[in-house]
Structures are given as structure tokens and as C-alpha cells.
Amino acid sequence: MIAYNKQSLDNLSIQETARKALFDKYIDQAAYDRIIAAHPVSFYMPNIFARVGLYILTWVAVLFAWGLVGLLLFTSINEEEILYGIAFLFAIAGFFMLELFIREKKLFRAGIDDALLLSSCVALTGALHFIYRENGVMIAATVCIVSLLATARYADRLMASICYISFLAAVFLAMMPEAMAAIPFTLMGISLAGYFACRKMLESFSLRHYSNIFTIVSILSLCSFYVAGNFYAVKTLAPVVPLPGLFWALTLVTPLVFIYLGLRKKDVILLRSGLIYIAAAVLTVRYFHSVLPLASAMIVAGLVLVALSWWLIRYLKTPKNGFTYEPLAYPSATDKLNISGLIISQTFGGTHQPSGGDVQFGGGSGGGGGASGDY
């Protein structure tokens with residue numbers, strides 16, 4: 001299903017794991033060089049500056065082509081309906097070029113493929129928009145389906161984010177205004193289901209190339225869960241908040257639950273989300289119940305955060321209960337086991353072939369590895 005070469009995706013994940021192992025001094029340079037030689041990657045992956053430049057240039061070329069064709073056709077045709085046909089043709093051409101570049105030029109997150117994917121999806125969605133132009137639910141559902149197919153084919157995090165957000169938008173629009181009171185609970189239920197489904201699928205060996213996708217969707221799921229239960233968001237949606245005590249409790253308690261679970265499970269996604277949503281909870285309380293002038297409140301909060309940060313830095317200079325102030329590129333026990341497997345594979349030579357669901361390429365940030373979200 002995925003467009004990229006799966007062996008190269010696996011090798012890319014192995015190389016990233018080996019790079020982090022070298023950084024943490026679990027392996028030496030000679031072992032690292034043997035791992036890289038035994039697991040070659042055929043992808044073209046420019047540095048970030050070249051990628052940004054290629055992305056911009058590709059968009060310029062796409063927009064120029066759209067504008068040129070539009071000018072040529074609209075000199076003789078003055079009908080708006082012709083736009084959906086043009087957009088559909090551009091979408092087909094864009095996907096064709098994208099598949100050609102991936103297969104022939106081995107592009108992987110090179111800027112060109114990113115721009116072609118986004119522009120083709122925009123063109124296809126625009127073509128379908130003319131069919132459902134007055135139906136917000138169908139437009140959101142169309143965006144969701146297009147981005148879902150793009151995610152399945154290209155494992156793109158932006159497409160996955162758009163898919164999840166547009167799905168929530170379709171549910172939201174479908175329930176308004178008749179079921180206004182049930183919208184927050186429905187969105188929170190969807191968010192919890194999405195989070196647990198993503199965490200479960202992260203453990204699947206067959207879906208290892210989509211680990212980055214599951215990570216970003218789990219982050220968005222936590223965000224949508226908190227927003228759906230936040231008192232300010234509910235108050236904005238409905239002037240009269242049903243069960244105000246419940247939503248105030250969700251606003252204040254949810255970040256603390258995230259932090260507790262993050263500390264208990266050593267899950268960096270839950271921990272960082274909880275810290276961010278504590279700030280959102282404070283802002284919500286500040287909006288409805290002002291205690292101090294804004295400048296004074298910011299000064300007090302800043303002093304408290306600086307003091308807390310200073311204390312934590314000193315306290316965690318010596319690692320305690322699995323937490324440390326020192327930066328760790330490859331800290332988890334599971335990841336160390338993966339490093340041991342890499343050392344064994346390069347010692348005996350040959351190219352490593354994935355053979356079963358008991359091995360995970362965790363910890364990589366490129367290809368199909370993805371961040372594990374753990375300390």
C-alpha cells in the first residue's frame with residue numbers, strides 16, 4: 001500500500017537507531033560504519049535547507065501551471081463549472097508525477113514530493129468541492145477521505161493531521177445544532193478512542209512504517225480531548241453550559257491526570273501535553289475569574305516557574321526513578337535491546353531482514369521508525 005520502498009524504510013530506521021546508539025556511546029564508530037554499510041538506503045533525502053527550497057520551487061511551478069492553464073481556458077470559456085474539471089485533471093497529473101518521482105528518482109521527504117502531495121490533494125478536494133459546495137459535512141468528509149487515502153499511501157504526517165481534524169469537523173457539523181449538548185462528550189469519546197487505538201497500533205510490527213502517523217494522531221487526540229472538555233471552549237459553543245461543574249473539573253483535572261500518567265508510564269507525550277494544558281487551564285480560570293492584574297499575574301507565574309525549573313534541574317542532576325536532567329537520545333530499555341540486535345546483525349554481516357512481529361524499529365525520527373514517545 002505504501003508508495004516507498006519498504007526495505008529502504010526499514011534500513012533508514014536502523015540507521016537512525018544506530019546513529020542514536022553511537023551518540024549515547026552504546027556502540028563505537030567502527031560498529032556504526034558496519035551497520036550503515038550493511039543497511040543501505042536508496043532514498044534521495046536532501047538537508048532541511050534544500051528541502052525547503054525544493055518545496056517552494058515546486059509550489060511555484062505548480063501554481064504557474066495552474067495559472068497558465070486557467071488563463072488559456074478562461075479566454076474562451078466563461079463558465080465556473082469548468083474549474084472542477086481542470087482541478088481534477090491537475091490532481092491526476094500531480095499524483096502521476098508524484099508516483100513517478102518516488103519510483104524513478106527515489107524521493108523521500110525531499111520537498112518536491114511533499115509539495116506535489118499537498119497540491120494534488122488540494123486540487124482533488126477543490127474538484128469535489130463543486131459537487132458539495134453548500135454542504136459543510138460533505139466537504140469535511142471529502143477532505144477526510146482524501147487525506148486518509150494520502151496518509152495510507154505516503155505515510156505523511158500533515159495528511160494524517162488533516163484527516164483527523166477534518167473527521168472531527170465532520171462530526172461537529174453533523175451534530176449542529178440539534179445535538180449541541182452532546183458534542184463535547186462525543187468529541188471526547190472519539191478522542192479517547194483515537195488515542196488508545198494509536199497506542200495499540202504503535203505496537204504492531206506490520207504497521208511499523210506508520211509509527212510517525214500514530215504518534216502525531218495520538219498527540220492530536222489528547223489535544224482534542226482537552227479542548228472538547230475545556231470550559232472556555234464549551235462556553236464559546238453554547239452560551240449556557242450544561243453541567244458547568246463537570247467542565248470546570250475537566251478543565252482543571254485533565255492536565256494533572258496527563259502529567260500523572262506521563263510520570264507513571266514515563267510517556268513524554270502525556271507529560272508534555274499535561275504541562276501545556278496546565279497553562280491552558282490557568283488561562284481559562286484567569287479569563288473568567290481575574291484575581292490579580294495581568295502584569296502582576298505574569299510576574300508571579302514567571303517567578304514560580306523559574307524557581308521550579310531551578311529546583312528540578314538541581315534535583316535531577318543525579319537521575320532518580322528513571323528521570324534525569326541530562327539529554328538522552330536513546331534512553332528506554334526496549335530501545336537498548338534494539339541496539340543489541342543491530343550490533344549482532346552487523347557483527348555476523350549481511351543485510352538485516354525483518355522477520356516477525358517481535359522486533360520493533362522504535363525511536364527513529366525518519367522513514368518508518370518514528371518517535372516512541374517514551375523517556
Side-chain angles (χ1 to χ4, degrees), residues 2-5 8-9 12-13 15-16 19 41-74 83-130 139-140 142-166 169 209-213 215-217 219-220 223 364-371:
I2 197 167
Y4 302 101
N5 182 272
S8 288
L9 289 176
L12 183 64
S13 179
Q15 289 189 9
E16 182 65 22
R19 191 174 299 112
V41 175
S42 61
F43 294 138
Y44 171 68
M45 298 180 294
N47 60 54
I48 184 62
F49 300 104
R51 180 180 177 182
V52 172
L54 291 172
Y55 182 86
I56 295 173
L57 287 176
T58 304
W59 263 109
V60 169
V62 169
L63 293 175
F64 177 81
W66 287 359
L68 180 62
V69 172
L71 286 174
L72 292 176
L73 289 179
F74 274 91
L83 281 175
Y84 87 91
I86 299 174
F88 186 78
L89 291 177
F90 269 113
I92 297 298
F95 283 119
F96 174 80
M97 294 296 297
L98 176 59
E99 292 285 337
L100 182 65
F101 278 130
I102 291 175
R103 186 175 66 253
E104 301 297 332
K105 301 300 181 181
K106 311 299 182 184
L107 298 185
F108 180 75
R109 310 292 185 261
I112 298 175
D113 51 337
D114 300 314
L116 284 176
L117 175 60
L118 181 57
S119 62
S120 300
C121 289
V122 169
L124 181 57
T125 305
L128 297 175
H129 169 262
F130 284 93
I139 293 174
T142 299
V143 173
C144 179
I145 293 172
V146 171
S147 55
L148 176 63
L149 295 175
T151 301
R153 181 62 177 167
Y154 304 105
D156 186 81
R157 285 171 291 185
L158 177 61
M159 290 294 109
S161 303
I162 294 174
C163 177
Y164 180 76
I165 294 172
S166 59
H209 301 130
Y210 297 97
S211 58
N212 281 336
I213 304 302
T215 299
I216 194 68
V217 173
I219 294 173
L220 292 174
C223 179
S365 61

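We number each residue from 1, following the sequence as shown. All values reported here derive from a predicted model rather than from experimental measurement.
Ile2 has its side chain within reach of Leu9: a pair of non-hydrogen atoms, C-beta onward, lies under 4.5 Å apart. In this structure the side chain of Thr151 never reaches within 4.5 angstrom of the side chain of Asp156, judged on heavy atoms. Taking 4.5 Å as the limit, every side-chain heavy atom of Tyr164 sits out of range of all side-chain heavy atoms of Ser166. A heavy-atom distance below 4.5 Å is not found between the side chains of Trp66 and Ile86. A heavy-atom distance below 4.5 Å is found between the side chains of Leu118 and Met159. The shortest distance between side-chain heavy atoms of Glu99 and Arg153 falls below 4.5 Å. Between Phe90 and Val69, the closest side-chain pair of non-hydrogen atoms falls below 4.5 Å. When side chains are defined from C-beta on, Tyr154 does not count as touching Leu149, because their heavy atoms never get closer than 4.5 Å.
Leu116 approaches Ser119 most closely through the heavy-atom pair O-OG, 3.1 Å. In this structure, Val217 and Ala160 approach most closely via the heavy-atom pair CG2-CB, 4.2 Å. Taking every heavy atom of both residues into account, Ile102 and Ala3 meet most closely at CG2-O, 3.8 Å. Looking at every heavy atom in both residues, Ala150 comes nearest to Leu117 through CB-CD1, 3.9 Å.
Interatomic distance, Ile216 CD1 to Ser211 OG, rounded to the nearest 0.5 Å: 12.0 Å.
A donor-acceptor contact shorter than 3.5 Å is absent between the side chain of Ser8 and the backbone of Asn5. Remark: the backbone N or O of Cys144 is paired with a side-chain donor or acceptor of Ser147 at under 3.5 angstrom.
Ion pairing between a basic and an acidic side chain is recognised when a charged N comes within 4.0 Å of a carboxylate O; Arg51 and Asp114 show such pairing.
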May I have the step-by-step check of side chain to side chain contact (heavy atoms under 4.5 Å, CB included) for Ser120 and Leu124, ending in yes or no? CA-CA 6 Å; Ser120 300; Leu124 181 57; over 6 Å; no
Audit row: Ile112, Phe101, side chain to side chain contact (heavy atoms under 4.5 Å, CB included) steps and yes/no: CA-CA 9 Å; Ile112 298 175; Phe101 278 130; 4.2 Å; yes
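Applying the salt bridge (charged side-chain N to carboxylate O under 4.0 Å, His left out) test to pairs two or more places apart or on separate chains, none has a residue in residues 121-130.
Ring-plane geometry between Phe43 and Tyr4 is classed as perpendicular, the angle between the planes exceeding 60 degrees on a 0 to 90 degree scale with a lower cut at 30.
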